[in-house]
Amino acid sequence: MAKKFLSIVLSLLLVFSTFAIVSVAGDTITPEDEALYPAEELAITNPKERIDRCLLTGRSMGGAYIQDTAASKDILEDNLSYWKDEIIDEYHALEAKGDAATDEEWGALYRKMKTPHDNDFDLWADFWYEYKDLSKGQATVSFVASQEVVNPGDEFSVDINLTTDFWFNAMYATMFYDKNNFEFVGFGDLGEKFSRYAITVQSTNYGIYPVGGDVRSIEWPDAIKAEEGCYDTYGGINVGISKEAISSQPDPNVPSLICDNDKVVTFNFRAKDTAAAGSTFSFFCTNDAMYTLNKIDIYDEGDASGVWVIPCWQFYRCDKDSMSNDMMFADWMYQYDKSLSITGDEVTIAGQEVVPADYTDLDAAIAEYDSSAYNLYTADSWAAYVQAVDAGKALSRELTADEQATVDAATRAIVGAKAALVLNKLVGAAVIGTPAIGASANVEVVANGSPVAIRLVGEGGENSFTFNREDATITTDGTNEIWNVKVPVTAEKASYNVFGKWGSDYNDAGTALTIEAVEGLDLSIHSIEVPDMYGSMGGKIYMGVHDVVVRTSKDVYKIQFVDPDGNTRTFCSVDFPPVEDGEELVWTIPFKFATLGNMNYALRTRAVNTTFALTGDYMTGRVVF
């Protein structure tokens with residue numbers, strides 16, 4: 001409703017302007033006006049006076065919300081200049097019409113000037129207007145050092161010089177410097193124009209003054225924060241200049257300020273005894289340090305959490321010529337309508353220049369290291385690569401140009417180790433025993449490292465099988481893994497190419513596998529279960545005798561458990577009769593878990609007239625007391 005109403009008002013203004021209709025009609029205050037605009041402003045019945053007093057005359061901090069009278073013409077024009085040109089033109093056009101300009105026209109201009117940012121009345125802040133020109137108002141700053149070259153231990157000063165095209169009565173300013181080579185030792189004099197003002201330091205929030213400190217809790221400029229290690233490299237000094245007179249009896253005649261390359265304040269520094277001879281360092285602040293509209297969320301978040309966040313540079317613009325006891329804030333607290341241009345200065349430490357070594361190529365080689373790729377490569381080649389990268393990272397960053405060979409050697413070591421990386425691959429694949437057609441073949445695959453999956457691809461791409469880690473029994477052999485998987489057998493002979501997957505792709509050339517089977521006996525194990533074990537296979541079991549339930553085909557006559565040392569335990573169907581369950585035999589075997597620690601038993605089976613053969617099945621876990 002608010003936006004629609006605003007459109008109607010602007011349309012009326014266009015009609016009046018186009019047809020030059022002269023009317024003495026008043027500016028009618030509607031219920032919608034009363035809902036949108038402050039009652040104190042609407043109480044001013046003359047709409048031009050309402051604009052002048054409410055929008056173009058400053059407001060005193062802690063004093064009257066609206067001034068009893070409008071400011072002088074030159075102050076009105078100065079404050080008007082910070083609006084967009086179309087507002088300035090409309091205001092002057094109505095002034096030029098004199099008595100022919102109607103209250104309705106002035107009222108429409110008032111409503112247009114009160115349009116909130118983004119035309120969003122729900123988020124309207126009284127002093128945040130769509131038609132204020134945030135690009136106007138330029139502050140130009142230069143830092144000027146008293147000496148271009150200093151010796152370690154010398155004291156010197158840096159002045160802040162300021163030029164503005166706006167009037168102000170309070171400001172915040174920040175300078176950054178290399179705290180590893182300089183220390184801040186205090187403030188010198190305020191400039192002549194500022195001599196009757198007070199200087200404050202935010203010691204509560206920004207560290208220990210007057211000797212510098214950690215100012216990272218202020219809003220650091222993005223251009224500085226983007227530099228790696230900025231908080232360890234730079235110190236910052238944040239000062240406030242306020243209208244309060246220094247004397248105990250405030251002087252009511254301290255004027256507002258406009259600067260023309262005037263000194264604001266002097267900062268005093270000392271070059272540390274350890275300052276690097278021949279090196280040059282900057283005293284600076286970046287141009288993105290101004291208090292701006294796009295940072296308002298940061299400041300609001302700080303206020304909401306009770307953290308006082310002071311912008312690096314901020315000016316409180318006021319009516320020109322106002323005095324300290326009656327400073328009129330032209331924009332109240334929202335100081336968006338300014339931009340900043342800062343020129344820094346440099347100081348060189350005396351002595352022979354030390355040319356540092358060039359670490360560019362080394363840093364690039366280190367940056368290419370991706371720790372997440374470790375699983376793609378063999379353990380030995382990856383370990384060599386990591387060792388070379390770690391050595392490059394640990395290399396001193398204080399080497400000089402005559403030690404460049406050391407830096408280059410570290411770079412070559414990393415590049416060479418990366419080039420020598422060997423992709424993981426399958427070592428081999430084989431069938432354990434001779435499977436029967438219609439049963440499952442027990443296939444053992446040996447792989448470098450820890451693959452994510454194994455895939456068997458039959459001839460012509462048909463009859464393929466994929467096994468993830470949870471589908472296999474996996475044991476380790478040094479840096480390799482041994483996967484035991486069950487592959488269905490449907491023919492006397494089947495040929496496969498076996499691939500390993502270590503990252504997102506099957507990235508090896510594959511290894512050949514042939515499965516040859518016979519008609520007849522099925523000596524496979526279908527499942528192994530230890531009911532008393534905590535967790536699934538691979539869990540924990542207490543010492544003592546516990547049942548092990550094994551399901552096999554009906555052709556199995558004996559089951560044998562083989563420990564890693566080759567010791568065996570054999571269970572025969574005569575002594576431990578299994579129970580038939582459909583096409584399976586269910587064996588309940590009393591198994592003594594007698595040795596503490598990890599266990600790993602391979603299983604073998606045989607029929608009445610065959611020898612034992614490994615099945616590719618394992619019973620694993622941990623025996624505890």
Side-chain angles (χ1 to χ4, degrees), residues 134-135 137-143 145 158 160 171-184 202 205-207 212-239 267 269 275-276 279-305 307-315 335-336 338-348 356-372 389 392-399 407 411 414:
L134 307 186
S135 68
Q138 176 70 35
T140 303
V141 179
S142 62
F143 296 153
V158 180
I160 294 182
M171 62 176 287
Y172 290 100
T174 295
M175 175 190 290
F176 292 94
Y177 64 97
D178 187 317
K179 66 182 181 183
N180 296 318
N181 290 281
F182 300 102
E183 57 184 349
F184 173 63
Q202 309 303 327
N205 299 286
Y206 307 137
D214 185 353
V215 294
R216 70 187 62 189
S217 58
I218 71 172
E219 174 54 19
W220 282 46
D222 293 337
I224 300 180
K225 288 191 295 184
E227 183 174 335
E228 184 176 356
C230 61
Y231 291 122
D232 296 325
T233 302
Y234 299 123
I237 309 164
N238 183 264
V239 299
F267 293 156
F269 290 91
S279 299
T280 299
F281 303 98
S282 296
F283 293 81
F284 70 103
C285 187
T286 59
N287 293 329
D288 60 342
M290 179 58 81
Y291 184 80
T292 57
L293 187 65
N294 60 11
K295 294 181 181 178
I296 189 63
D297 289 341
I298 295 173
Y299 307 138
D300 286 347
E301 289 172 8
D303 290 341
S305 61
V307 177
W308 189 27
V309 183
I310 295 296
C312 294
W313 282 80
Q314 182 179 5
F315 294 90
Q335 302 292 303
Y336 304 130
K338 290 172 288 295
S339 55
L340 184 65
S341 176
I342 295 183
T343 301
D345 203 358
E346 295 182 339
V347 172
T348 299
D358 184 357
Y359 291 84
T360 304
D361 292 342
L362 177 61
D363 290 338
I366 292 173
E368 290 180 358
Y369 170 71
D370 179 4
S371 61
S372 66
V389 171
K393 291 179 178 178
L395 189 67
S396 170
R397 291 290 164 146
E398 304 300 325
L399 299 181
V407 180
T411 304
I414 297 174

Query raised in the report: When you look at Thr174 and Asn238, which way does the side chain to side chain donor-acceptor pair (under 3.5 Å) test go after all the steps?
Result: CA-CA 4 Å; Thr174 295; Asn238 183 264; 2.6 Å; yes
Report task. For the residue pair Phe267 and Phe184, categorise the inter-ring angle as parallel (less than 30°), tilted (30 to 60°) or perpendicular (more than 60°). Result ->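 The arrangement is perpendicular - the two ring planes meet at more than 60°.
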Report task. Describe, in one word, how the ring planes of Phe283 and Phe182 are oriented to each other, choosing from parallel (under 30°), tilted (30 to 60°) and perpendicular (over 60°). Result ->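 Answer is tilted, since the angle falls between 30° and 60°.
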Query raised in the report: Passes side chain to side chain contact (heavy atoms under 4.5 Å, CB included), Thr286 versus Asp222? Steps please.
Result: CA-CA 9 Å; Thr286 59; Asp222 293 337; over 6 Å; no
Once rounded to the nearest 0.5 Å, what's the spacing between atom [atom1] of [X] and atom [atom2] of [Y]?
X	Y	atom1	atom2	answer
Phe143	Thr343	CZ	OG1	9.5 Å
Phe269	Glu183	CZ	CD	10.5 Å
Leu399	Tyr359	CG	OH	3.5 Å
Asp345	Phe284	CG	CZ	13.0 Å
Ser341	Met290	OG	CE	10.0 Å
Trp220	Phe176	CH2	CZ	5.0 Å

**Report entry** Backbone N/O of Gln314 and side chain of Lys338: donor-acceptor pair under 3.5 Å
**Finding:** no
Query - Any residue meeting salt bridge (charged side-chain N to carboxylate O under 4.0 Å, His left out) with Asp358, in chain and number order, not counting sequence neighbours - result: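 By the salt bridge (charged side-chain N to carboxylate O under 4.0 Å, His left out) rule, Asp358 matches no residue at all.
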Considering all heavy atoms of both residues, which atom of [X] and which atom of [Y] are nearest to each other, and what is their separation?
X	Y	result
Arg397	Gly392	NH2-O, 4.4 Å
Asp232	Lys179	O-CE, 3.3 Å
Val407	Ala357	CG2-CB, 3.9 Å

Query raised in the report: So Lys225 and Asp288, salt bridge (charged side-chain N to carboxylate O under 4.0 Å, His left out) or not? Walk me through it.
Result: CA-CA 11 Å; Lys225 288 191 295 184; Asp288 60 342; over 6 Å; no
Query raised in the report: What do the steps show when you test Cys285 against Met175 for side chain to side chain contact (heavy atoms under 4.5 Å, CB included), and what is the final call?
Result: CA-CA 6 Å; Cys285 187; Met175 175 190 290; 5.9 Å; no
Query raised in the report: With a 4.5 Å limit on heavy-atom distance, are the side chains of Tyr369 and Ile414 in contact?
Result: no
